[in-house]
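This report refers to the structure that appears directly beneath it.
Both ligands and their constituent atoms are indexed starting at 1 by order of listing. All values below come from the heavy atoms of this structure, side chains included, with hydrogens, waters and symmetry mates left out. One-based numbering along the sequence shown.
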Amino acid sequence: MLLAITRAVSSSINRCELTHISRTPIDYERVARQHHNYENALRSLGVEILRLSAEPDLPDSVFVEDTALVLDECAVITRSGVDSRKPEIITIEKALMPYRALFHIKEPGTLDGGDILCVGKNIYVGLSSRSNQHAIEQMQGYLKPFGYTVKGVSVSGCLHLKSAVTQVKDDTLLINPEWVNKNNFPDVKFIDVEPSEPFAANAVLIKDSILYSTSYTKTQMRLADAGTKMVLIDTDEIAKAEGALTCCSLIFKR
Ligand code: CIR
């Protein structure tokens, strides 16, 4: 059984961090509706939702993915690369404690979950403005005993590694090769995003289906041609906070 931790959208989302996009007003009703539809799409794929209460003082707290990496054997609580997001972990630790033994990224390590791509026992970590080599070394120490290898990957032009690449099948990555080099990922196949849709590389893989945005119609056609089963939802309001699909949940076997 898969469980997804989510968190209601903060009423202060208009004060979210932005790095690569300009600020445009976020309509609270609309973003909350898109988030609700996201949760329902996960339910339609057989995922149970554990929704945490909104955090009015933490604008980016809906993006729970950034607070932890949850593996079958344990979880790693992150330490955000921006101060405004560091307190988000307090409630996430409490929520994860019943399910996993917890490790913590410690100063001077910084890590956002959006920078972590797991492909089997290979864990790739984006060396972005949010995540650093210290965090990678700490993760190696925590996760090597469980058989994982942790490797740093350069990314440029986007916020997180998973803005540039995500898994869409057991053996296939959806990638924007402008933002991350394919050579980092041996022994996999690739589907490239349409060059006119640079933000289209973020999908949530659940069993043999992906949750995907209605915004990227051309890349959708490429995914369909490759036989990918898709559940489509609107994400354009969430995207104004520089968020994508993976960011809004922490999904793991309960
Ligand atoms: C931030 O800059 O931290 C948020 N506005 C967006 C975080 C998106 N998270 C993700 O891609 N994992």
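Taking the six-membered ring where the residue is Trp, the centroids of Y99 and F252 are separated by under 6.0 Å.
Distances between N or O atoms of E17 and those of ligand 1 include at least one value under 3.5 Å. Not a single N or O atom of D112, backbone or side chain, sits closer than 3.5 Å to an N or O atom of ligand 1.
For ligand 1, the atoms closer than 4.0 angstrom to any heavy atom of G114 are 12 (N). Residue E65 approaches ligand 1 through these ligand atoms, each under 4.0 Å from one of its heavy atoms: 10 (C), 12 (N). Annotation for ligand 1: atoms under 4.0 Å from non-hydrogen atoms of H160 are 9 (N), 10 (C), 11 (O), 12 (N).
Distances from ligand 1 to the non-hydrogen atoms of A241 include at least one value under 4.0 Å. Under a 4.0 Å heavy-atom criterion, L159 is in contact with ligand 1.
Nearest protein heavy-atom neighbour of atom 8 (C) of ligand 1: E242 O, 3.4 Å. Nearest protein neighbour of atom 9 (N) of ligand 1, counting heavy atoms only, is D66 OD2, 2.8 Å. Protein heavy atom nearest atom 4 (C) of ligand 1, with residue, atom name and distance: D60 OD1, 3.1 Å. In this structure, the protein non-hydrogen atom closest to atom 10 (C) of ligand 1 is C247 SG, 3.0 Å.
For the pair D115 and K162, the salt-bridge criterion is not met [side-chain N within less than 4.0 Å of a carboxylate O]. Under the 4.0 Å criterion applied to side-chain N and carboxylate O atoms, K229 and D208 are assigned as salt-bridge partners.
Residue R130 forms a salt bridge (charged side-chain N to carboxylate O under 4.0 Å, His left out) with just one option from D83, D112, D66, and that option is D112. The side chain to side chain donor-acceptor pair (under 3.5 Å) test with N202 is passed by exactly one of T246, T166, T235: T246.
More than 12 heavy-atom neighbours from other residues, nucleotides or ligands sit within 6.0 angstrom of CD on E39.
Here atom 3 (O) of ligand 1 lies nearest to R85 when heavy atoms of E88, R15, K240, R85 are compared. Nearest-residue assignment for atom 1 (C) of ligand 1 (options K162, R130, H20; heavy-atom criterion): R130.
A distance-only check finds a donor-acceptor pair linking the side chain of Q220 to the backbone of S213 [under 3.5 Å].
Side-chain atoms of T219 and E197 include a donor-acceptor pair closer than 3.5 Å.
Judged by a 6.0 Å distance limit and a 45° cone about the ring axis, K151 is not positioned over the six-membered ring of Y124.
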